[in-house]
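Order of the sequence lines fixes the chain letters, A, B, ..., with proteins taken first and strands second; residue numbering starts at 1 for each chain. All values below were derived from every heavy atom in this structure, side-chain atoms included, with hydrogens, water molecules and symmetry-related copies excluded.
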Amino acid sequence: MDDLRELYQQVILDHNKNPKNFGKIAAANRTAEGYNPLCGDRIDLYLQVEDDVIKDISFEGAGCAISKSSASVMTTVLKGKSIAEAEQLFKKFQKLITSEPGTEPDLKDLGKLAIFCGVREFPLRVKCAGLAWHTMVAALKNENTIVSTE
Amino acid sequence: MKTVVESLRVAGPPAYAVNGFDVERIRADFPILRQKVRGKPLVFLDSAATSQKPQVVIEAISNYYETQNANIHRGVYYLSELATNAYEGARQKIKEFINANSIKEIVFVRGATEGINLVASSYGRKNIKAGDEIVISAMEHHSNIVPWQMLCEETGAKLRVIPINDDGELILEEYQKLLNKKTKLVAIVHISNSLGTINPIKRIVDIAHDSKVPVLVDGAQAMPHTKVDVKKLDCDFFVFSSHKIFGPTGVGVLYAKEALLEKMPPYQGGGDMIKSVTFEKTLYNDLPYRFEAGTPNIAGAIGLGKALDYVAGIGYENIAAHEKELLRHATEALSTIKSLRIIGTAKEKAAVISFVIDGIHPHDVGTILDRDGIAIRTGHHCTQPVMARFKVPATSRASLAFYNTKTEVDLLVKGLHHVIKLMS
């Protein structure tokens with residue numbers, strides 16, 4: 001049961017019930033759609049980028065607790081960050097959730113994103129946690145394509 | 001002596017036995033059901049995705065590889081004769097099982113999906129033109145949507161969809177209205193994999209035939225639950241997959257009326273589907289071999305034949321009675337969970353229960369149940385239009401087979417209470 005509690009931490013459940021930055025930004029100049037065909041999770045991401053800085057960010061969509069809370073936490077973390085910083089965080093986050101269970105996780109610079117460490121015990125759920133992030137990277141590149149986890 | 005007496009006492013008919021059907025004896029035939037997963041006894045409630053295999057099927061496959069393996073229809077030596085007889089013996093069994101007229105009507109394919117693709121490619125391309133219409137339903141699996149869409153794209157034909165009501169039943173009046181002079185084919189699912197609805201196939205076929213329209217039936221989910229008699233149904237095409245009816249994956253059957261099959265061009269070219277080949281002209285083989293290019297899944301066909309023997313041994317009456325009781329019990333037990341809603345409440349329903357729980361995504365339900373050793377399917381079940389119809393992104397689905405028990409259903413309910421507690 002411990003690994004389930006680790007996966008569904010209270011903070012994750014809170015973000016799932018009351019996601020932050022949920023909705024559409026009128027001034028968004030970068031958008032992308034993420035899709036996980038495995039479970040039907042769908043996310044629309046809106047970013048307002050000025051001078052290589054993420055001024056504002058929001059999301060809409062339906063998904064499981066992991067994908068929704070991951071999107072919610074991501075938006076709170078990325079607001080005010082530069083594009084380079086956002087891409088750096090994406091790499092670190094991806095590394096964390098795909099790291100070998102039982103090994104010492106590298107939580108440096110990850111801040112509150114560390115709550116997703118439990119995902120690595122559930123290989124089938126890594127895509128859920130990563131969906132918002134992959135969509136964010138696509139939005140920054142301004143790729144007008146649908147990001148799919150498959 | 002004491003031991004004998006005790007064992008006799010235990011051997012009495014169990015309370016859950018229906019007409020002599022003993023679920024514990026049945027379960028003993030399935031080695032995988034003895035397994036523990038994640039430290040808990042396996043509770044397998046995903047038979048609509050794929051069913052488990054009885055020991056006799058596993059043995060038939062290994063016996064083939066251990067004692068008979070050779071290519072079929074070719075060798076003049078002993079092993080090839082054994083392999084050919086076993087493969088063709090399986091075809092004969094299938095013919096009898098679904099009551100086809102002749103083995104010429106039984107084409108081995110990779111599965112129901114390939115069967116539908118074969119008909120779309122071969123029959124469809126030849127007979128369906130721009131402006132024609134193909135009728136499917138709102139509850140089709142993607143495998144009975146996409147091949148027709150591809151054909152429509154290629155030919156300029158149109159796809160028409162029979163709507164369903166809030167219980168997940170076909171609206172037959174709407175179906176009748178859809179049929180017209182342009183309708184060239186009806187392709188319809190027998191039992192819905194995501195809703196459990198059992199469609200009135202015989203009526204659907206009769207209605208189409210009144211307008212001289214042929215009907216393809218996707219029987220993938222029907223075969224494990226109900227007796228299929230293609231002669232009685234009078235359907236023109238019927239497809240099913242071996243792995244849903246307790247046989248191995250990678251093999252399935254297309255049944256087609258001989259008169260239709262006779263006029264259909266080959267689907268794939270290659271060995272075994274020809275009589276003679278020169279660079280100028282190739283003469284195609286007789287039915288059904290014309291549609292079986294390349295070395296087939298020989299062991300798979302043999303395994304399927306054995307699976308059908310096994311099902312016949314249990315009897316569809318016993319299967320139906322046990323599953324009906326399981327469905328009743330499961331529907332009642334799940335209905336006690338206030339935040340749970342069952343999607344698919346047709347009057348005629350197989351033991352498939354899709355549901356959603358307020359505020360909890362099916363994917364989370366699946367992960368948490370898995371930790372209790374309970375395997376259910378979560379997602380859209382390859383029926384995205386059904387999800388859209390009921391305005392849900394996904395559902396959790398428990399699909400039951402004759403080897404499941406009421407105790408397992410109770411464990412599911414207990415597990416769901418755990419899910420709700422953990423996620424609140």
Please determine whether the number of non-hydrogen atoms from other residues, nucleotides or ligands lying under 6.0 Å from atom [atom1] of [X] exceeds 12.
X: A:Lys79; atom1: NZ; value: yes
X: B:Arg341; atom1: CZ; value: no
X: B:Lys158; atom1: NZ; value: no
X: A:Glu50; atom1: CD; value: yes
X: A:Lys92; atom1: NZ; value: yes

Is the shortest side-chain heavy-atom distance between [X] and [Y] below 4.5 Å?
X: A:Leu124; Y: B:Thr367; result: no
X: B:His361; Y: A:Asp41; result: yes
X: A:Lys68; Y: B:Asp364; result: no

Inset, instruction - Indicate the atoms forming the closest heavy-atom contact of B:Met423 with A:Lys17, along with that distance. - result: O-NZ, 3.4 Å
Inset, instruction - Any chance you could measure B:Arg38, atom CZ, to A:Asp3, atom CG, to the nearest 0.5 Å? - result: 8.0 Å
Legend entry - Pick from A:Gly63, A:Ser67, A:Ala62 with the largest number of heavy-atom pairs that fall under 4.5 Å of chain B: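 Most pairs with chain B among the choices: A:Gly63.
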Legend entry - Toward chain B, the part of A:Leu7 with a non-hydrogen atom under 4.5 Å: side chain
Legend entry - Side-chain H-bond candidate by donor/acceptor type, B:His363 with A:Asn36, under 3.5 Å: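 Absent: no donor and acceptor within the cut-off.
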